[in-house]
Amino acid sequence: MNRYTHFKNQVLKILLFGISSFLLSASSFVDATAQSILTASSKRIREKFDFNWQFHKGDIAIKRAVKAAGYGGLTDINVKVETNKDAIVAYTDVDKAATFKPEDWKEVNLPHDWCVEGTFVNDKSIGSSPAVSGYLPGGIGFYRKEFEIPETDKGKKISIEFDGIFRNSSVWVNGQLMGNHQSGYTPSNYDLTDVLRYGNEGKNVILVKVDATDYEGWWYEGCGIYRHVWLNKTDRLHVDRFGTYVTTPVVSPDEASVNIKTNIKNEYGVIKNITLVSKIADNKGVIIDTKTSSQVIEPFSTTEISQQGIIKKPLLWTPETPGLYKLLTEVSENGVVVDNYETTFGVRTVEVNRNGVFLNGKLYPVKGTCNHQDFAGIGVALPDKINEYKLKLLKEMGSNAYRCSHHPPTPELLDMCDRMGLLVLDENRMLSGSEEGIKDLKAMLYRDRNHPSIFMWSMENEEWIQGTVTGARILKTLVDITHQIDPTRPVTAAMNHGRNEGGYSDVLDVVGYNYGDKGLAYVKDHEKYPNRVEFNTETTSFISTRGEYKNDWGKGYVSNLGLWQPGWGPLPGEDWADVVKYPYLGGLFVWTGFDYRGEPTPYQWPCVTSHFGFMDICGFPKDGYYAYKAAWTNEPVVHIFPHWNWPGKEGDSTQVHCYTNCDEVELFLNGKKIGRQKTTPYTKLIWNLIYKPGKLEARGYKNGKLVTKDIVETTTAPAHVALNSDCTVLKADGTDVVIIRVAIKDAKGRVVPTAGDLVKFSIEGPGKIIGTGNGNPSSHEPDKASQRMAFNGYCLVLVQSNKQAGEIRLKASSETLKGDEVIINVQ
Ligand code: GAL
């Protein structure tokens with residue numbers, strides 16, 4: 001694996017290593033299109049393979065064992081046992097191996113990230129002074145699972161699909177090496193048909209070795225099988241993996257043409273005469289068009305069949321109206337259905353040109369955030385509900401787009417973006433023309449190209465060979481492959497240098513500007529290069545710690561007042577002013593929606609989490625969040641800060657800052673008018689005043705009319721813990737999650753903005769605590785715990801259902817404070 005070199009003059013980066021359509025939560029975003037409408041008679045089985053794994057942390061010398069027994073197969077149990085007992089037992093038949101030590105293995109369900117269960121270390125050997133040094137160690141881990149395959153599955157094709165393992169994973173089934181996959185961000189698939197034991201043949205054992213000692217990025221990447229795993233069973237005559245491609249080349253309000261390409265794989269040794277029926281279902285499940293084709297498929301071959309469908313008066317997909325269609329594929333032989341397959345798609349046109357981004361022919365400014373994958377409490381192993389929660393919070397902020405920085409996301413996230421309405425910039429991890437690199441790019445393209453949410457592909461982010469001749473050659477290879485696999489979307493690269501050198505930009509459909517020298521570069525280049533199409537792939541990088549109003553180098557906190565800002569990024573909202581002024585920029589992706597572990601710019605130890613998010617790692621908004629909410633929504637916004645708890649500062653000069661989209665804002669302190677200011681769009685207001693405890697009130701006016709207000713009050717001491725859960729009902733499926741926000745309030749019910757009380761949780765009923773967090777970027781408390789310090793008034797606890805129905809009672813207590821509890825029904 002190449003060691004990745006990241007370019008940024010101003011900062012040293014931390015190295016912190018570390019198509020389904022089913023939505024599992026009770027969220028309001030669920031609609032009819034989220035449900036599969038394949039019937040129960042479906043021939044294909046796609047079984048979630050997430051439960052009942054065992055995990056072993058650390059190496060078990062499997063290399064020696066495998067070597068001794070010969071790659072690909074173990075035949076002599078004695079040799080194996082002598083070589084390494086634990087390893088052998090791990091990957092061969094448990095019944096024969098008396099030395100299996102279950103106590104070395106812990107029961108886990110997937111997704112799982114073992115890194116986040118670890119302890120932060122301060123490793124000064126990383127980087128140079130002032131090196132960022134704190135990380136959660138990675139290492140090696142093993143997963144194993146025993147399972148049975150019924151006799152009736154004999155003759156079927158059975159494969160296993162890993163959505164994502166971080167990283168370098170090797171898979172054995174019943175002692176047979178199935179293969180190895182390096183990337184931590186692309187899926188891997190193994191055909192298990194021949195090595196499985198069916199019915200009475202015995203139990204099956206799968207072993208996965210995960211080697212996360214190396215890394216692929218400069219952020220927290222996690223360790224382990226951190227995305228879903230699926231067991232797929234099909235007839236030997238079936239739709240191929242990622243085997244459909246649906247495009248809508250002509251779209252008008254009256255009609256959309258639908259091009260359907262279906263790859264049928266014949267894994268029999270004889271010719272097959274098949275009938276392919278492709279049905280288009282609307283968002284209510286009503287079939288609105290059906291196409292039938294007959295085809296001969298040669299033995300052991302794959303054939304692509306093209307069909308054309310029509311949708312009358314199509315629902316045009318936009319983030320505001322995310323209407324979806326489904327393609328229902330049926331493959332039959334002699335009148336008998338042998339495979340069914342389902343593809344979700346949408347009807348929309350996207351064009352990125354010299355005038356901006358056009359969605360369905362209309363200028364559509366992209367209001368995006370860049371994001372890494374992790375979240376409080378759980379590292380990168382996000383239950384679907386948490387991904388959905390994050391997207392919901394981003395939409396509430398007014399965002400209409402998501403950049404998967406800097407790698408392809410878990411596929412469920414793309415399903416959610418389709419369904420909830422967010423455009424996506426899907427990004428390839430590495431600029432690499434190696435066989436491995438091209439395989440990863442292709443996996444992203446074939447896996448993701450049916451998602452209406454994806455509007456553009458990104459080939460890479462800030463690779464050091466941007467702007468070089470070699471870089472341009474490699475890039476051209478990747479762009480050509482992308483155009484061939486998906487000619488419907490433009491291709492970009494997120495560039496922080498070399499945009500005008502080496503012919504690099506000429507290879508791209510759209511030149512991605514990361515920062516663009518605070519606007520100077522993209523405006524100059526737009527004039528200088530008359531054929532260049534530009535897009536703001538990354539902006540802002542504003543740093544702030546939630547609830548902090550001074551920079552604290554000891555603790556690793558950054559003020560929200562904008563007292564320290566990286567040289568490469570503008571202040572919150574200023575970048576949006578550029579998009580409004582120069583619509584040809586197409587929009588932007590701010591760095592970032594949420595804080596993430598790693599990259600604690602501008603600090604080092606004890607800081608271990610970034611400050612770039614407009615929400616912290618728990619999803620609590622910081623002040624800068626409101627700059628974007630004001631810019632991106634039509635809701636009237638007035639948000640004043642800092643908090644008003646400054647004992648000892650009475651009589652001192654101070655400031656009140658305000659993000660707003662009103663025309664004028666008037667500020668009062670304890671009923672006394674401080675001043676009324678007219679606003680300049682996307683610019684913060686500031687009042688100078690003398691600090692006096694009490695009540696600050698800001699009134700926002702539009703066209704002279706009072707439309708909203710914000711109140712900040714001096715609180716009294718913490719008095720009680722208050723729980724606020726995002727739902728009251730969970731599914732009894734062992735995966736659903738309730739997100740419980742914990743606030744420390746005073747006697748009058750106001751959140752105490754400086755509170756840092758330790759909150760202890762206890763739980764009864766069919767659920768478990770899967771993680772806690774508090775948004776403190778310097779916290780080294782374990783995330784997997786049943787207690788958490790509040791940080792500036794808040795912390796978070798995540799509770800996951802078991803598979804039994806019942807009532808979960810989550811209680812929160814804190815030494816001197818009154819406690820609280822929430823009741824969640826699991827059904
Ligand atoms: C960008 C980079 C991001 C992050 C950010 C911090 O250059 O693409 O990954 O490092 O800087 O400002």
Side-chain angles (χ1 to χ4, degrees), residues 3-18 126-127 130-132 135 184-185 215-221 368-374 380 402-409 425-431 458-467 471 492-499 511-519 521-522 535-545 556 558 562 564-572 574-575 588-604 607-617 622 624 777:
R3 208 179 152 89
Y4 197 92
T5 314
H6 180 48
F7 245 71
K8 172 78 44 86
N9 297 334
Q10 299 91 326
V11 73
L12 285 153
K13 306 282 180 194
I14 188 172
L15 303 171
L16 190 82
F17 313 130
I126 294 181
V132 284
Y135 63 90
Y185 298 111
Y215 50 92
E216 300 180 36
W218 50 92
W219 54 91
Y220 175 79
E221 300 188 283
T369 64
C370 303
N371 290 290
H372 286 317
Q373 318 186 79
D374 62 331
V380 293
Y402 187 97
R403 174 173 171 223
C404 317
S405 43
H406 302 298
H407 55 78
L425 179 58
D426 200 357
E427 191 156 281
N428 183 40
R429 173 72 214 98
M430 300 268 182
L431 180 80
S458 166
M459 296 293 97
E460 54 96 355
N461 176 75
E462 299 187 358
E463 294 266 358
W464 64 275
I465 52 173
Q466 286 179 345
T492 191
M495 299 179 67
N496 65 341
H497 68 284
R499 286 179 286 253
V511 180
Y513 281 72
N514 278 14
Y515 305 96
D517 307 335
K518 289 192 178 170
Y522 46 65
F535 186 87
N536 244 335
T537 34
E538 195 175 308
T539 68
T540 321
S541 276
F542 182 68
I543 46 175
S544 59
T545 310
V558 192
W564 197 100
Q565 174 61 6
W568 57 94
L571 290 167
E574 277 183 8
D575 46 358
L588 51 73
F589 286 97
V590 299
W591 190 265
T592 46
F594 299 90
D595 282 342
Y596 48 93
R597 294 169 183 81
E599 206 171 31
T601 308
Y603 300 124
Q604 50 182 314
C607 215
V608 290
T609 296
S610 87
H611 299 82
F612 290 115
F614 287 103
M615 285 176 262
D616 71 14
I617 200 166
K622 303 184 194 172

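In what follows, every heavy atom counts, from backbone to side chain, and hydrogens, waters and symmetry copies are set aside. Just so it is clear, the structure is predicted and the values come from calculations on it, not from any experiment. For ligands, and for the atoms within them, numbers begin at 1 and follow the listed sequence.
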Is the closest side-chain donor-acceptor distance between [X] and [Y] under 3.5 Å?
X	Y	result
Asp575	Thr540	yes
Glu462	Asn514	yes
Thr592	Asn371	no

Would Glu462 count as a polar contact of ligand 1, with the cut-off being nitrogen or oxygen pairs under 3.5 Å? yes
Counting only nitrogen or oxygen atoms and a 3.5 angstrom limit, does Trp218 reach ligand 1? yes
Between His611 and Thr601 (side chain of the first, backbone of the second, donor and acceptor by atom type, cut-off under 3.5 Å), is there such a pair? yes
Find all atoms of ligand 1 within a distance of less than 4.0 Å from any non-hydrogen atom belonging to [X], and give their numbers and elements.
X	value
Tyr515	1 (C), 5 (C), 7 (O), 11 (O), 12 (O)
Trp568	12 (O)
Asn461	8 (O)
His406	3 (C), 8 (O), 9 (O)

Heavy-atom gap Asn496 to ligand 1 smaller than 4.0 Å: no
Close approach, Trp219 and ligand 1, non-hydrogen under 4.0 angstrom: no
Could you list the residues that satisfy ring pair (Phe, Tyr, Trp, His ring centres under 6.0 Å) with Phe589, not counting sequence neighbours? Phe535
Parallel, tilted or perpendicular: ring planes of His407 versus Tyr185, cut at 30 and 60 degrees: parallel
Should the pair His372 and Trp219 be assigned to parallel (<30°), tilted (30 to 60°) or perpendicular (>60°) ring geometry? parallel
Per-residue contact class, Thr601 against ligand 1 - non-hydrogen pairs under 4.0 Å: neither
Nearest to atom 12 (O) of ligand 1 by heavy atom, Ala494, Ser541, Ser610: which? Ser541
